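Note sheet for the following structure.
Keep in mind that what you see is a predicted model, and the values were worked out from it rather than measured. No hydrogens, no waters, no symmetry mates; every other heavy atom, side chains included, goes into these values. As the structure lists them, so they are numbered: ligands from 1, and atoms in each ligand from 1.
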Amino acid sequence: MRVVVPFAAEQPKTRLADVFTPAERREFARVMLDDVLRALREAGHTPEVLTTAGIDVDAPTIVDDRPLSTAVDAVLAAGTPVAVVMADLPLATPDALTRLFAPDADVVLAPGRGGGTNAFVTRHPEFRVDYHGASYRDHRERAREVGASLATVDSHRLATDVDESADLAEVLLHGTGETRRWLERQDVRLDTSGDDRVDIRRDGTTAVQRDEGPETG
Ligand SMILES: Nc1nc2c(ncn2[C@@H]2O[C@H](COP(=O)(O)OP(=O)(O)OP(=O)(O)O)[C@@H](O)[C@H]2O)c(=O)[nH]1
Ligand SMILES: C[C@H](OP(=O)(O)O)C(=O)O
């Protein structure tokens with residue numbers, strides 16, 4: 001099965017601007033991509049990177065700077081079956097990823113927290129994507145519309161995409177790859193001082209207190 005990993009190569013992870021500078025966010029996005037590629041290979045796949053711009057990576061690349069849904073739909077139109085696994089899933093282990101390929105359904109969705117679609121498999125020639133917003137709900141509807149059988153993978157590891165500072169705590173708590181080590185090297189630490197959910201601190205401040213440096217790099 002063809003396995004494709006979408007990757008925004010320029011100005012990634014803007015929702016982490018309260019924690020990292022633009023240059024750090026580019027480095028972070030790349031560390032997560034490498035962890036996802038490694039886990040996919042250890043699960044027996046040969047992933048391709050669907051990137052917005054040319055990058056130096058040890059994987060076949062497809063450069064397509066069109067919007068995410070348009071670029072992914074072009075891959076789907078070229079033929080199925082296809083799996084699409086997002087590049088910001090640093091908790092994804094080979095075992096977790098294998099669960100994505102296990103169900104014998106036309107479309108298998110791995111939802112992300114907040115309504116996204118972190119990964120999917122399609123074996124149906126007419127299934128197409130509609131990312132952003134509550135894309136998981138939209139993709140369930142799209143599958144129904146084309147008469148595709150549907151399965152959903154309930155997985156903490158596949159559901160944890162890293163968008164905001166609170167997601168970094170999940171990586172520090174559950175990460176098994178290079179992404180957690182990278183965060184530790186950036187002095188990102190768990191912040192358990194709050195009354196409710198665990199958050200993160202960096203350089204002795206909480207994520208929300210850190211002023212972003214000038215937009216450089
Ligand atoms: N090829 C491609 N990949 C994309 C595009 N937009 C996002 N991605 C990738 O899709 C995954 C999920 O997207 P987002 O969570 O929105 O990633 P992002 O755009 O870096 O994050 P924000 O800037 O915070 O929205 C990430 O792995 C991104 O690298 C795009 O336009 N084209
Ligand atoms: C690509 C998008 O990611 P999110 O913006 O939900 O993190 C989605 O999963 O629809």
Side-chain angles (χ1 to χ4, degrees), residues 2-40 47-55 57 59-78 82-92 97 100 107-122 127-143 152-153 155 157-168 170-171 177-179 182 207 212 215 217:
R2 192 177 181 190
V3 180
V4 173
V5 180
F7 182 66
E10 298 140 321
Q11 297 178 355
K13 297 295 129 190
T14 57
R15 285 171 278 183
L16 286 171
D18 58 339
V19 183
F20 298 126
T21 64
E24 290 171 332
R25 297 201 298 269
R26 279 194 296 277
E27 188 179 339
F28 180 58
R30 179 56 196 265
V31 169
M32 289 196 290
L33 168 67
D34 290 342
D35 267 351
V36 170
L37 294 176
R38 185 179 306 111
L40 281 165
E48 307 164 60
V49 180
L50 174 61
T51 175
T52 55
I55 56 171
V57 62
T61 59
I62 310 147
V63 180
D64 188 337
D65 65 356
R66 293 177 293 180
L68 176 59
S69 295
T70 305
V72 170
D73 276 354
V75 170
L76 303 186
V82 172
V84 176
V85 179
M86 292 315 198
D88 58 355
L89 309 180
L91 300 191
L97 288 163
L100 178 71
V107 173
V108 182
L109 300 175
R113 285 197 310 279
T117 306
N118 286 356
F120 73 89
V121 166
T122 179
F127 179 78
R128 294 295 180 269
V129 293
D130 181 11
Y131 282 114
H132 302 306
S135 70
Y136 169 67
R137 183 180 58 186
D138 298 337
H139 291 151
R140 287 180 62 89
E141 178 58 22
R142 290 260 174 125
T152 293
V153 177
S155 162
R157 289 187 172 277
L158 297 185
T160 304
D161 54 316
V162 178
D163 289 330
E164 298 159 350
S165 66
D167 301 325
L168 300 176
E170 296 296 327
V171 181
E178 185 57 28
T179 303
W182 186 90
E212 182 185 6
E215 282 280 336

Does ligand 2 have any N/O atom under 3.5 Å from a protein N/O, and what are those pairs and their distances?
from	atom 1	to	atom 2	distance (Å)
ligand 2	5 (O)	Arg15	NH2	3.3
ligand 2	7 (O)	Arg15	NH2	3.4
ligand 2	7 (O)	Asp161	OD2	3.2
ligand 2	7 (O)	Asp163	OD1	3.4
ligand 2	7 (O)	Asp163	OD2	2.8
ligand 2	9 (O)	Thr117	N	2.9
ligand 2	10 (O)	His132	N	2.8
ligand 2	10 (O)	Ser135	OG	2.7

- Tell me, which protein residue and heavy-atom name are nearest atom 18 (P) of ligand 1, and how many Å apart are they? Lys13 N, 3.7 Å
- Task: May I ask you to check if ligand 1 and Pro67 share an N or O to N or O distance below 3.5 Å?
- Result: no
- Would you call Val85 and Pro47 a side-chain contact if the rule is heavy atoms closer than 4.5 Å? no
- Query: Say you draw a straight line from CG of Leu109 to CG of Leu158; how long is it, rounded to the nearest 0.5 Å?
  - Reply: 12.0 Å
- Taking everything shown except Arg113 itself, do over 12 heavy atoms lie less than 6.0 Å from its CZ? yes
- For the atom pair CG (Leu91) and CE (Met32), what is the distance rounded to the nearest 0.5 Å? 10.5 Å
- Query: When you measure from atom 31 (O) of ligand 1 to every protein heavy atom, which one gives the shortest distance, and what is it?
  - Reply: Leu68 N, 3.4 Å
- Message: Using a 4.0 Å cutoff against the non-hydrogen atoms of Ala87, which atoms of ligand 1 qualify?
- Response: 27 (O)
- Note on the structure: For atom 3 (N) of ligand 1, the closest protein heavy atom turns out to be Phe7 N, 3.3 Å
- Residue, atom name and distance, where the atom is the protein heavy atom closest to atom 19 (O) of ligand 1: Ala8 CB, 4.4 Å
- Message: Tell me whether the rings of Phe20 and Phe28 are parallel (<30°), tilted (30 to 60°) or perpendicular (>60°).
- Response: tilted
- Message: How long is the straight-line distance from OG1 of Thr52 back to CG of Leu68, given to the nearest 0.5 Å?
- Response: 10.0 Å
- Could you tell me whether some N/O pair between Thr52 and ligand 1 is separated by less than 3.5 angstrom? no
- Should the pair Tyr131 and Phe120 be assigned to parallel (<30°), tilted (30 to 60°) or perpendicular (>60°) ring geometry? tilted
- Message: Could you check whether any side-chain heavy atom of Thr61 comes within less than 4.5 Å of a side-chain heavy atom of Phe7, counting everything from C-beta outward?
- Response: no
- Message: Counting C-beta onward and ignoring hydrogens, is there a side-chain heavy-atom pair between Met86 and Asp161 closer than 4.5 Å?
- Response: no
- Message: Which of the numbered atoms in ligand 1 are under 4.0 angstrom from any heavy atom belonging to Pro12?
- Response: 20 (O)
- Nearest protein heavy atom with distance in Å, relative to atom 1 (N) of ligand 1: Leu50 O, 2.9 Å
- Message: Out of Thr51, Val4, Thr14, who is nearest to atom 23 (O) of ligand 1 when you count heavy atoms only?
- Response: Thr14
- Between Val75, Asp64, Val162, Asp88, which one has a non-hydrogen atom sitting closest to atom 12 (C) of ligand 1? Asp88
- Which of the atoms in ligand 1, numbered in the order shown and given with their element, are less than 4.0 Å from a heavy-atom of Asp163? 15 (O)
- Message: Could you check whether Arg142 pairs with Asp138 (Lys NZ or Arg NE/NH1/NH2 to Asp/Glu carboxylate O, under 4.0 Å)?
- Response: no
- Item | Distance-only N or O hit between ligand 1 and His132, under 3.5 Å | no
- Could you state the interatomic distance from CD (Gln11) to CZ (Arg25), rounded to the nearest 0.5 Å? 8.0 Å
- Query: Relative to the heavy atoms of Met86, which atoms of ligand 1 are at a distance of less than 4.0 Å?
  - Reply: 10 (O), 11 (C)
- Item | Per-atom contacts of ligand 1 with Arg15, taking only distances under 4.0 Å to non-hydrogen atoms | 14 (P), 15 (O), 16 (O), 21 (O), 22 (P), 24 (O), 25 (O)
- Message: If we ignore hydrogens and angles and just use 3.5 Å, is the side chain of Ser135 paired with the main-chain N or O of Thr117 as donor and acceptor?
- Response: yes
- Here the gap from Arg137 atom CZ to Asp130 atom CG, rounded to the nearest 0.5 Å, amounts to 10.5 Å
- If you measure every N/O of Ala71 against every N/O of ligand 1, is any gap under 3.5 Å? no
- Task: Could you grab the distance from atom OG1 of Thr14 to atom CG of Asp163, nearest 0.5 Å is fine?
- Result: 9.0 Å
